[in-house]
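Below is one structure, written out as structure tokens, with a few remarks after it.
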Amino acid sequence: MFEDFLYLLRRNGLKVSLTEWMALVQALNENLHEASFTGFYHLCRCLLVKSEADFDSFDRAFLDYFRDVSFQQEVSQDLLDWLDRPNAPMGAYDEQQAELNETLSTLEIEQLFQDRRKEQREQHNCGNYWVGTHGMSIFGNMGMSPVGIRAGGESTSRRAFRVAGERRFRDFRQDNTLDTRQLQAALRRLRQFSGLVDLPPTEFDVDRTIQDTANNAGRLKVCYKKPRQNTVKVILLMDSGGSMEHYAQLCSALFQAVTKAGHFKDLKLYYFHNCPYTRLYTDPTLNPNKAVPVSWLLSNLSAEYKLIFVGDAQMSPHEIFDPFPVPREGEPSSGLNCLHLLRERYRHTIWLNPSDRPEWGGEWTESYDAIDRLFPMFPLTVEGLEQGMRKLLAR
């Protein structure tokens, strides 16, 4: 069965064993690819590729070998034409519908998508049932549902868990992926916060030794300096879930760099979704049993901490601007009020953003712009992280 495909993968550097190849044959015999070319692609990648770094090599080999295979389009051209409405007006946001959409599993959404494709006979937009645009439906594009399948159009809020008919996949080559070691190198800039310990000068000072030796006509003059002590304290708040799922790998690299760096005297790590509001969480699943009130943070972690937010700053405006129905005494009164309290408490604060400013305009940019005005915002890249560290170093 197309053994030359196996040898092509091996020539491209993928170490595919005979055991893995036989597992693929068995999976095909059991129709785990559901008799579709896209399913076959995912099955091959799942069973034959051992590392995300090899995804790009696999894609090149796969497309080279099957370049003459006709691809059965998952979404009809008529439907794609109906969905090509980038400048249409946005429908009304429905919070109840959004909550209902979030209760659906990916399998349920996939089945509903198959049903709608068979039923739909005309264009639909601004609704919550058919495959359309600018509405609350879980299928289509340019919509407001927190989860769903994108069909046609361009990626905007990145909430879709997959793209219908998409054959292009992300490039995971190691030379193009933000490397943990690069992030660690950028984080080392915070060492400049380290203070001199009030002890005798016992640490060898290379720069002064060279300078004083040169000034002494080349006669060696060894110099020492007081040792430094790590005084850096950091609070890291990371947005979890929703549109941030798109950046899971990038945030994972940052998390590893921060926790492995060992450059901090103290590191406090908490999670939130979209905005801290009144609570933070100690695990990314946002388990209510592992919540910490924001008021506790403000009262117990001193202003000497450096505060770093990580998030895309994209949410419906009502999520940060609307006041809480019954705010508790001593707690923030709204999402934006919470951010203001954190900004006032921690003078050295930055926001690292893996995404760009939303391009679709309108009310969806209001939350982003409000956060951008409140915090110095930097892209979550090596260069952006270095700029952010320099900002934290500013006195």
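When reading the values below, keep in mind they use all heavy atoms of this one structure, side chains included, and skip hydrogens, waters and symmetry mates.
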Side chain to side chain, Phe272 and Leu286, heavy atoms closer than 4.5 Å =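 Not in contact.
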
Compare all side-chain heavy atoms of Ile320 with those of Met315 and state whether any distance is below 4.5 angstrom.
->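 Touching, per the 4.5 Å side-chain cut-off.
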
Ring-ring centroid check Phe66 Tyr41, cutoff 6.0 Å |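 Ring-ring flag for Phe66/Tyr41: false, centres at least 6.0 Å apart.
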
Can Val25 be reached from Leu43 by stepping across I, L, V, M, F, W or Y side chains whose heavy atoms are under 4.5 Å apart?
->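 Leu43 clusters together with Val25.
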
Determine the interplanar angle of the His318 and Tyr93 rings, folded into 0 to 90°, and report it as parallel if under 30°, tilted if 30 to 60°, perpendicular if over 60°.
->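 His318 vs Tyr93 ring planes: tilted.
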
Could you tell me how the ring of Phe204 sits relative to the ring of Tyr224: parallel (under 30°), tilted (30 to 60°) or perpendicular (over 60°)?
->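 Perpendicular: the ring planes of Phe204 and Tyr224 meet at over 60°.
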
Between Tyr129 and Arg116, is a side chain to side chain contact (heavy atoms under 4.5 Å, CB included) present by the stated rule, with each step listed?
-> CA-CA 8 Å; Tyr129 184 84; Arg116 297 295 186 277; 3.1 Å; yes

Think Arg117 forms a cation-pi with Phe113, using NZ or CZ under 6.0 Å from the six-ring centre and within 45 degrees of its axis?
->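 Relative to the ring axis of Phe113, which defines the angle, Arg117 lies inside both limits.
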
Verify ring pair (Phe, Tyr, Trp, His ring centres under 6.0 Å) between Tyr281 and Tyr271, making sure each step is shown before the conclusion.
-> CA-CA 5 Å; Tyr281 303 85; Tyr271 300 90; 9.0 Å; no

Considering residues at least two apart in sequence or located in another chain, which fulfil the side-chain hydrogen bond (donor to acceptor under 3.5 Å, both in side chains) criterion with Arg345?
->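 So Arg345 forms no side-chain hydrogen bond (donor to acceptor under 3.5 Å, both in side chains) with any residue.
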
Check side-chain hydrogen bond (donor to acceptor under 3.5 Å, both in side chains) between Gln97 and all other residues, then give those that pass, not counting sequence neighbours.
->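 Gln97 satisfies side-chain hydrogen bond (donor to acceptor under 3.5 Å, both in side chains) with Asn101, Asn128 once adjacent residues are dropped.
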
Begin from the C-alpha positions of Leu352 and Ile308 and carry the test side chain to side chain contact (heavy atoms under 4.5 Å, CB included) through to its verdict.
-> CA-CA 7 Å; Leu352 299 176; Ile308 302 175; 3.8 Å; yes

